[in-house]
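First up is the structure itself, then whatever we jot down about it.
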Amino acid sequence: MLVTLLIIPVLINILYKIDIGVWLLQSEWNAGEMLSFYGAILSAVGTVLGVVYTIRNDYRLRSRENAILYKPILELVDINPNESKLRPSRTVGIGYQVSALTTNNEIGSDYFFEQQKSRNPQFVLWFRNVGRGETINTVVDGFEIVSVGWPDISNLHSNIGGKQFIGEIVQGGEFVVNMNLPTYLIMPKNQGDCSWFELRAELIISYSDMFAKNRYQRKYHFIFKVIVEDEVTPAPNISSDEYHYVSVRYEFLGVMPSKFIYSEKQKKFIELEDANIDDDFLKE
């Protein structure tokens with residue numbers, strides 16, 4: 001700015017005072033005319049820059065307004081609903097790896113596998129887009145065990161192998177996630193004063209808005225009561241005499257949802273409450 005507004009005009013004025021004696025290089029303009037021409041050029045450039053700034057600022061404002069006005073919101077609206085409607089569905093669950101257990105000669109891995117997958121209690125999680133815009137690239141990112149209330153000697157873990165794609169969910173659209181939990185568990189024989197154990201698991205779902213500008217993530221922290229019912233025989237050969245193979249049932253205790261948004265600046269999902277949409281998330 002110093003060079004453009006001060007040094008160049010002074011330099012033009014000085015150069016027009018110098019006579020170099022070459023006819024071809026003699027200007028037919030005087031310093032005042034050249035300075036007027038230079039001022040007109042600066043004015044035109046300033047006008048163009050002002051228009052560009054106005055357009056970019058208007059784009060940012062409209063992008064922010066659209067992000068709010070057409071924001072999709074996926075919410076868990078019900079668990080185990082009575083009505084049966086045709087909805088997109090995905091399945092998650094937890095269980096044991098057959099290879100992680102030593103079985104008796106009479107009980108092969110095929111039998112154990114069939115026993116594990118049969119009669120799985122199923123919690124149907126009913127999700128709905130309650131926002132004013134559709135989602136794109138909706139994905140079940142994962143389902144993991146957070147904690148169990150007993151010593152887990154056989155590596156109870158999630159049995160989904162990767163991401164499960166759902167796609168677009170229109171405004172008011174729904175989909176379900178079927179959550180399977182094992183009917184049989186390896187549990188301590190001595191429960192002490194405990195009449196039940198606690199199991200916590202986390203479901204992660206992510207999706208983008210209809211403009212593909214913001215990506216959101218929802219984490220649902222589920223809490224279940226695990227109630228031991230009967231010892232099961234025949235059973236796998238358990239590595240510890242302090243444990244036995246039992247049938248269990250589950251009761252739903254609660255869910256704690258949390259919301260995240262992807263930060264282009266930090267290159268990770270952060271809590272939505274801590275997000276600065278202007279600085280972090282609106283792409284140019």
Shortest non-hydrogen contact between [X] and [Y], atoms and distance:
{"X": "Y243", "Y": "P188", "result": "CD2-N, 3.4 Å"}
{"X": "F143", "Y": "I160", "result": "N-CD1, 3.7 Å"}
{"X": "S263", "Y": "I270", "result": "CB-CD1, 4.5 Å"}
{"X": "D209", "Y": "P72", "result": "CB-CD, 3.6 Å"}
{"X": "V170", "Y": "N129", "result": "O-ND2, 3.3 Å"}
{"X": "N159", "Y": "G95", "result": "ND2-N, 4.4 Å"}

Side-chain ion pair, [X] and [Y], N-O less than 4.0 Å:
{"X": "E198", "Y": "R200", "result": "yes"}
{"X": "R62", "Y": "D58", "result": "yes"}
{"X": "E242", "Y": "K189", "result": "no"}
{"X": "R128", "Y": "E75", "result": "no"}

With clusters defined by side-chain heavy atoms of hydrophobic residues (ILVMFWY) lying less than 4.5 Å apart, directly or transitively, does [Y] cluster with [X]?
{"X": "I261", "Y": "L74", "answer": "yes"}
{"X": "M1", "Y": "V52", "answer": "no"}
{"X": "F175", "Y": "V139", "answer": "no"}
{"X": "L76", "Y": "I223", "answer": "no"}
{"X": "L253", "Y": "F197", "answer": "no"}

Find out whether [X] and [Y] are in side-chain contact, i.e. whether some heavy atom of one side chain is under 4.5 Å from a heavy atom of the other.
{"X": "L125", "Y": "L203", "answer": "yes"}
{"X": "I73", "Y": "K71", "answer": "yes"}
{"X": "N214", "Y": "S208", "answer": "no"}
{"X": "W150", "Y": "I186", "answer": "no"}
{"X": "P182", "Y": "L156", "answer": "yes"}
{"X": "I204", "Y": "V140", "answer": "no"}
{"X": "I8", "Y": "Y38", "answer": "yes"}
{"X": "V248", "Y": "I227", "answer": "no"}

With no hydrogens and no angle check, is any side-chain donor or acceptor of [X] less than 3.5 Å from a backbone partner on [Y]?
{"X": "S43", "Y": "G39", "value": "no"}
{"X": "H157", "Y": "I94", "value": "no"}
{"X": "S247", "Y": "Y184", "value": "no"}

Subject >> Full working for side-chain contact (heavy atoms from CB on, under 4.5 Å) between M256 and F222 >> reply: CA-CA 7 Å; M256 295 180 290; F222 295 95; over 6 Å; no
**OP:** Flag the pair Y216 / F260 as yes when their ring centroid distance falls below 6.0 Å, and as no otherwise.
**Re:** no
**OP:** Indicate whether the side chain of N180 and that of Q122 have a donor and an acceptor atom separated by less than 3.5 Å.
**Re:** yes
Original post:
Using a distance-only test with no angle check, is there a side-chain donor-acceptor pair under 3.5 angstrom linking S206 and R215?
Top reply: yes
Hey, what do you get for [atom1] ([X]) to [atom2] ([Y]), rounding to the nearest 0.5 Å?
{"X": "T91", "Y": "N178", "atom1": "OG1", "atom2": "CG", "value": "4.5 Å"}
{"X": "N190", "Y": "H244", "atom1": "CG", "atom2": "NE2", "value": "9.5 Å"}
{"X": "S258", "Y": "K219", "atom1": "OG", "atom2": "NZ", "value": "6.5 Å"}
{"X": "Y207", "Y": "T135", "atom1": "OH", "atom2": "OG1", "value": "8.0 Å"}
{"X": "M210", "Y": "Y70", "atom1": "CE", "atom2": "OH", "value": "7.5 Å"}
{"X": "Q217", "Y": "Y262", "atom1": "CD", "atom2": "OH", "value": "11.0 Å"}

**OP:** Sort and list the pairs that fulfil salt bridge (Lys or Arg N to Asp or Glu O under 4.0 Å) and have at least one residue in residues 155-167, not counting sequence neighbours.
**Re:** D141-K163
**OP:** With sequence neighbours left out, write down each residue that passes side chain to side chain donor-acceptor pair (under 3.5 Å) with E168, or none if nothing qualifies.
**Re:** none
Original post:
Can you check side-chain contact (heavy atoms from CB on, under 4.5 Å) on T4 and L42, steps first, answer last?
Top reply: CA-CA 9 Å; T4 302; L42 286 183; 3.3 Å; yes
Original post:
If you count the non-hydrogen atoms of other residues, nucleotides and ligands that lie under 6.0 Å from CG in D241, is the total more than 12?
Top reply: no
Original post:
Can you say whether the rings of Y250 and F224 are parallel (under 30°), tilted (30 to 60°) or perpendicular (over 60°)?
Top reply: perpendicular
**OP:** Test ring-ring contact (aromatic ring centres under 6.0 Å, His included) on Y220 and F127 and set out the steps.
**Re:** CA-CA 12 Å; Y220 297 93; F127 293 89; 5.3 Å; yes
